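First comes the structure, then the notes that go with it.
As the structure is a computational prediction, the values presented were derived from the model and not from experiment. Every chain is numbered from 1, with letters handed out A, B, ... down the list of sequences.
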Number of protein chains: 2
Amino acid sequence: MISLTAAQEPSVYGQGMQSRSPASRTGRPRSATADAAILAATREALVDLGWSKLTLGDVATRAGVAKTTLYRRWAGKNELVVDAVAELFDELELPDRGSLAADIEGVVLQFATILALPEAKSGLMAVVAEATRDDALRERIRASVVDRQKRLVLEGRARAQARGELPPEPDPESASRTVDLIFDMVAGAVVHRTLVSAEPADEEWVRSFTRVLLLGLASR
Amino acid sequence: MISLTAAQEPSVYGQGMQSRSPASRTGRPRSATADAAILAATREALVDLGWSKLTLGDVATRAGVAKTTLYRRWAGKNELVVDAVAELFDELELPDRGSLAADIEGVVLQFATILALPEAKSGLMAVVAEATRDDALRERIRASVVDRQKRLVLEGRARAQARGELPPEPDPESASRTVDLIFDMVAGAVVHRTLVSAEPADEEWVRSFTRVLLLGLASR
DNA sequence: GCATTACGCTACGTCTCGTAGCGAAAGCTC
DNA sequence: GAGCTTTCGCTACGAGACGTAGCGTAATGC
């Protein structure tokens, strides 16, 4: 994550996937410390100010860097916030609790915990809203946030099929659609519960949700 | 917040539920035409510019009113967009198609159709994001958008229980929680599918989703 | 008529934006 | 070390949006 070296040439905006090019360019390298400080400052500003009142100038001051440094690394507010929020999802993992139900409950609870953070709440939804009009931004979100979640669904699904808890799907086409459906149901429900209903997705709720989801998937 | 007229009398910001006070105040009444023009212009601007680049000055120009008129009626961008988007959900209704599955599919499809509109996509999520830091705004969204959807869930549920398609729940407490759960699952899944996955919530998807949901709810 | 309120218009200070230019700092290669 | 390259902090700038104030005028009720 995070660049500091860059994509190809001098290093266009953002990080995306830095190739860690062996031909380390000449010149003064970008400060990795500054990157960390900027992203941390962005999350801090999200908590204090929220999305709409967050300004890049303020973030620069909090991070102790010049405003121009921000503009050299990120194209704008959207990209910066995506990267700042994406780091929150780094620790997301799939625990092996022995049963599909327990595994799902664990993951959903992790997701809910992250989403309960004010910096995730105000930041993530705002960039998703912006992404409706910006394909590059949506792709950035997909790569750094969504895919990481989706991988957990795939792993959990494979594990459950190995256990015999879910029927194996022969048709890869329909299997892919099923994964997409599950993913939208899980992530969507947690997001809606947390942001729109503004109620905590606590253990009790997660248990109820998991039960409905699994019963619906199993009985086919 | 702000106040140029009084607190109660004249009818504070927004329309929310204007009491249509019988004691119609003296003085020149507010133009209802202007209200409609402003909200329509707001939706138009959402389509053309998106949330972040939408300015109140531009909306005023599109609507053919003075900028000051906007500020006299709405506290800011958030409130204005909520009202503009809320009108899109006016036509939401629960069709009686004979079975619970068909009813749900109908409602979900209606919801998905509205959410596919660019003015709904970019506007709704943005205000939801802002509402994480503004209780009054969240309440405004709840009253003008969410509750209208939730009522459909309640109606559909009652109808299904009358048909015997769902077990009646004796405990009102747990019944309420179940409705909340269903609501978060339905609305959340559609929103996530449309905005994050950026795939259309078409008939095929809605059928798959409804089947999983109903199987999960019925087998208890 | 008179009081009251809404409207359109203009003008204003303030803030943020995003960029440009500069000298200094920090790496690498030779 | 010398020399090259890139980044950094800093300052300054025009452009644009914000939200408000003030004015004269229009539309209602008494």
Side-chain angles (χ1 to χ4, degrees), chain A residues 2-13 15 18 21-38 41-42 45 49-81 130, chain B residues 1-15 18 20-38 41-42 45 49-81:
Chain A
I2 308 185
S3 60
L4 77 132
T5 54
Q8 258 183 328
E9 279 311 298
S11 123
V12 200
Y13 281 122
Q15 52 254 68
Q18 70 283 37
S21 63
S24 59
R25 257 185 359 285
T26 170
R28 175 177 178 174
R30 285 189 174 171
S31 161
T33 318
D35 259 326
I38 291 171
T42 303
L49 308 172
W51 161 267
S52 60
K53 292 182 181 174
L54 179 148
T55 71
L56 294 197
D58 184 61
V59 170
T61 305
R62 288 172 189 262
V65 302
K67 192 175 63 166
T68 43
T69 300
L70 272 172
Y71 282 101
R72 289 192 188 100
R73 305 189 184 197
W74 284 277
K77 194 162 143 178
N78 292 335
E79 289 76 9
L80 174 62
V81 170
E130 288 300 306
Chain B
M1 30 180 70
I2 311 183
S3 83
L4 57 150
T5 55
Q8 254 181 329
E9 280 321 295
S11 126
V12 202
Y13 280 121
Q15 50 256 59
Q18 67 282 46
R20 195 169 309 282
S21 61
S24 57
R25 259 184 358 284
T26 169
R28 176 178 177 175
R30 286 188 175 173
S31 161
T33 319
D35 259 325
I38 291 171
T42 303
L49 308 172
W51 162 266
S52 60
K53 292 182 181 173
L54 179 149
T55 71
L56 294 196
D58 183 63
V59 170
T61 305
R62 289 172 188 261
V65 300
K67 193 175 61 165
T68 44
T69 299
L70 272 173
Y71 282 100
R72 288 192 188 101
R73 306 191 183 196
W74 284 276
K77 195 163 144 177
N78 292 334
E79 290 76 10
L80 173 62
V81 171

What about [X]: does its side chain form a donor-acceptor pair under 3.5 Å with the base of [N]?
| X | N | value |
| --- | --- | --- |
| A:Thr68 | D:dC10 | yes |
| A:Arg30 | C:dG27 | no |
| B:Arg72 | C:dG8 | yes |
| A:Lys67 | C:dG18 | yes |
| B:Arg28 | C:dT5 | no |

Expressed in angstrom and rounded to an integer, what is the separation of [X] atom [atom1] from [N] atom [atom2]?
| X | N | atom1 | atom2 | value |
| --- | --- | --- | --- | --- |
| B:Asp58 | D:dC18 | CG | P | 9 Å |
| A:Tyr71 | D:dA12 | OH | P | 19 Å |
| B:Asp35 | C:dA6 | CG | P | 12 Å |
| A:Trp74 | D:dT7 | CH2 | P | 14 Å |
| B:Glu79 | D:dG19 | CD | P | 10 Å |
| B:Leu49 | D:dG16 | CG | C1' | 14 Å |
| B:Leu70 | C:dA6 | CG | P | 15 Å |
| B:Lys53 | D:dA17 | NZ | P | 12 Å |

Side chain proximity check, B:Lys77 to B:Leu80, heavy atoms < 4.5 angstrom: no
Check: A:Trp51 and A:Asn78 side chains under 4.5 Å, non-hydrogen atoms: yes
Residue met sooner reading DNA chain D from 5', once B:Leu54 and B:Pro29 are mapped to nucleotides: B:Leu54
Distance (rounded to the nearest 0.5 Å) between B:Ile38 CD1 and B:Trp74 CH2: 4.5 Å
Sugar-phosphate only, base, or nothing, as touched by B:Ser31 at under 4.0 Å among non-hydrogen atoms: sugar-phosphate
Shortest side-chain distance from A:Thr55, nucleotide among D:dT5, C:dT16, D:dA17: C:dT16
Nearest listed nucleotide, side chain of A:Thr69, among D:dG9, C:dG27, D:dT28: D:dG9
Heavy-atom pair of closest approach, residues B:Val59 and B:Ala41: O-CB, 3.8 Å
Sidechain N-carboxylate O distance under 4.0 Å for A:Asp35, A:Arg73: yes
Residue whose nearest DNA chain C nucleotide is more 5′ - B:Ala66 or B:Gly27: B:Gly27
